[in-house]
Amino acid sequence: MPREKIEIPGQIDHLSILDKDGNLDKDLEPALPDDLLLKLYRTMVLGREFDARQLSLQRQGRIGTFPPITGQEAAHLGPAAVLRDSDWLVPSFRETVAELWRGRTIESILLANNGYNEGAEMKPGMNMMPISVPVGSQVIHAVGIAWAMKYRGTDDLAMVFFGDGATSEGDFHEGINMAGVYDAPVIFVCQNNHWAISIPRSKQTRSKTIAQKAIAYGIAGIQVDGNDILATYAAAREAAERARSGGGPTLIECVTYRLRMHTTADDPKRYRTDEEVQGWEKQDPLLRYQKYLKAKGLLSDEEIVSISDAIKADIADAVKRAEERMKEIGDPGDAMSMFNHAYAEMHPYLKEQKDRLAAELKETAKEGDNG
Ligand SMILES: Cc1ncc(C[n+]2csc(CCOP(=O)(O)OP(=O)(O)O)c2C)c(N)n1
Ligand SMILES: [Mg+2]
């Protein structure tokens, strides 16, 4: 009974196509049509400008809190852009640009960020789940969706997003394990933005990379420069081909950085240094991509300004429409509606809670009448 070494795959690639200064590795450049390259650019700018507008609306008390995505545009748009309409996108809460790409409107996001249920409704056919605030919970939903696709014999796939913090949750491990065992066509995209609110990446795992967790679960894994849209797109395209052809799931770690606060309720200055942030500002995914598009002759300085101005005007119109719609609806929330959509048949515990809330609301309303 000797003690022997077991051979296991032990390496993970890191992919970078546009370096930190926006210089291109020609050999790795994905051949993408010009109109797609420009649509990606416009959507990244839309995400960036919408973030700035939402921040200002929040500070004026015109929306509730929201999670900014500035700095992470490439990390989630590149992967989402490889999806077909019939695939499913399962977001966490920091994938605004991917959601806009998929057809969610600015109005819908503003309504949701103001607590209006209508904003959280996904249009049928959009094949996108609403955002998931309980960290990591969406991972198992995506595996279920992907498994169902396989069961039905389609070549569609599900793509799920989550953060570095979510990799410490059981849901991540359960989901990735099951996907591996059943060869579910799912792409796991981790936006490793180095922070889970105030908890640094070093406190989530002792592993050198998040991508290497794929090895333990017997699936493909890759780490990419998440601030390089060509790399995030290329890695996801490879993973999609694998999933569609029966090759099973892939874990993609997009290394990126959250340049703003966790949500508007957070002050990042309390746990990270200005120097750290400034180092990442120099690696801005949007500036890198602009440099690439300019070098290709697809974008000029004048167009950078005119595209940004047109997008700001579109956002202003959408804000007006959203505010009109909220006035029209009036009171944002009927608390009772939260019980409506989770189960086809309501569990007795939940029924008990529903009845209790209804009684309490009735009581509060009576007190209101009296007082
Ligand atoms: C199960 C659960 N625990 C805690 C929270 C509070 N919370 C919200 S976001 C967050 C950090 C998530 O970090 P990460 O997964 O890295 O995503 P990021 O916010 O960086 O995009 C925490 C702890 C929550 N929403 N759900
Ligand atoms: Mg994080």
Side-chain angles (χ1 to χ4, degrees), residues 44 47-48 50-51 54-55 58 64-80 89-100 109 112-113 115 120 129-143 159-176 187-213 223-227 232 251-273 276-277 279-281 283 285 338 342:
M44 283 171 80
R48 178 74 57 104
F50 185 38
D51 238 24
Q54 284 208 92
L55 194 52
Q58 195 278 335
T65 192
F66 80 101
I69 51 82
T70 294
Q72 296 187 216
E73 295 88 348
H76 56 274
L77 179 60
L89 187 142
V90 185
S92 71
F93 44 77
R94 209 180 295 283
E95 288 83 28
T96 310
V97 191
E99 292 188 64
L100 293 167
I109 296 172
N113 289 343
M129 295 289 275
I131 66 160
S132 184
V133 173
V135 170
S137 54
Q138 71 281 8
V139 176
I140 43 184
H141 305 158
V143 175
M159 177 179 285
V160 59
F161 287 91
F162 48 90
D164 43 301
T167 65
S168 297
E169 291 282 351
D171 289 348
F172 164 74
H173 297 275
E174 291 165 30
I176 197 168
I187 303 177
F188 299 94
V189 185
C190 177
Q191 291 201 80
N192 169 10
N193 63 7
H194 290 85
W195 290 94
I197 315 186
S198 56
I199 306 295
R201 148 70 179 86
S202 58
K203 289 280 188 321
Q204 299 299 345
T205 177
R206 191 170 166 173
S207 307
K208 186 167 181 183
T209 68
I210 287 171
Q212 75 196 65
K213 306 213 174 263
Q223 186 187 64
V224 300
D225 182 338
N227 286 5
T232 59
L251 171 61
I252 302 175
E253 174 187 1
C254 296
V255 181
T256 181
Y257 194 80
R258 160 167 65 74
L259 287 174
R260 292 191 190 270
M261 61 289 281
H262 170 74
T263 66
T264 50
D266 168 51
D267 175 9
K269 282 191 185 305
R270 295 182 63 175
Y271 53 83
R272 63 187 197 185
T273 62
E276 180 180 308
V277 179
W280 281 96
E281 275 168 352
Q283 303 180 43
M338 76 171 126

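Counting starts at 1 for both ligands and their atoms, following the listed order. Because the structure is a prediction, the values reported are computed rather than measured. Numbers here simply count residues along the sequence, with the first being 1.
- Taking Thr273 as the reference, Glu275, Glu276 meet the side chain to side chain contact (heavy atoms under 4.5 Å, CB included) condition, with sequence neighbours excluded.
- For the Mg ion (ligand 2), the count of nearby protein N/O/S atoms, taking only those under 2.8 Å, is 3.
- Using cut-offs of 30° and 60° for the angle between ring planes, the Phe161 and His76 rings count as perpendicular.
- How far CD of Gln138 is from CZ of Phe93: 8.0 Å, rounded to the nearest 0.5 Å.
- Nearest heavy atoms, Asp171 versus Val139: O-CG1, 3.9 Å.
- In this structure, Tyr271 and Trp195 have tilted ring planes: the angle between them lies in the 30° to 60° band.
- Scanning for salt bridge (Lys or Arg N to Asp or Glu O under 4.0 Å) contacts around Glu95 gives an empty result, with sequence neighbours left out.
- The minimum heavy-atom distance between Leu259 and Gly71, with the atom names listed, is CD1-CA, 3.8 Å.
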Does ligand 1 have any N/O pairs with the protein under 3.5 Å, and how far apart?
residue	atom	partner	partner atom	Å
ligand 1	15 (O)	Gly165	N	3.2
ligand 1	15 (O)	Ala166	N	3.0
ligand 1	16 (O)	Asp164	N	3.3
ligand 1	16 (O)	Asp164	OD1	2.9
ligand 1	16 (O)	Gly165	N	2.8
ligand 1	16 (O)	Trp195	O	3.3
ligand 1	19 (O)	Arg94	NH2	2.8
ligand 1	19 (O)	His262	ND1	3.4
ligand 1	20 (O)	Asn193	OD1	3.1
ligand 1	20 (O)	Asn193	ND2	2.9
ligand 1	20 (O)	Trp195	O	2.8
ligand 1	21 (O)	Arg94	NE	2.7
ligand 1	25 (N)	Val133	O	3.0
ligand 1	26 (N)	Val135	N	3.0

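- A pairwise comparison of heavy atoms in Ser137 and Ser132 identifies OG-OG, 2.9 Å as the closest pair.
- Side chain of Arg201 to main chain of Thr205: a donor-acceptor pair is present (N/O by atom type, distance under 3.5 Å, no hydrogens or angles).
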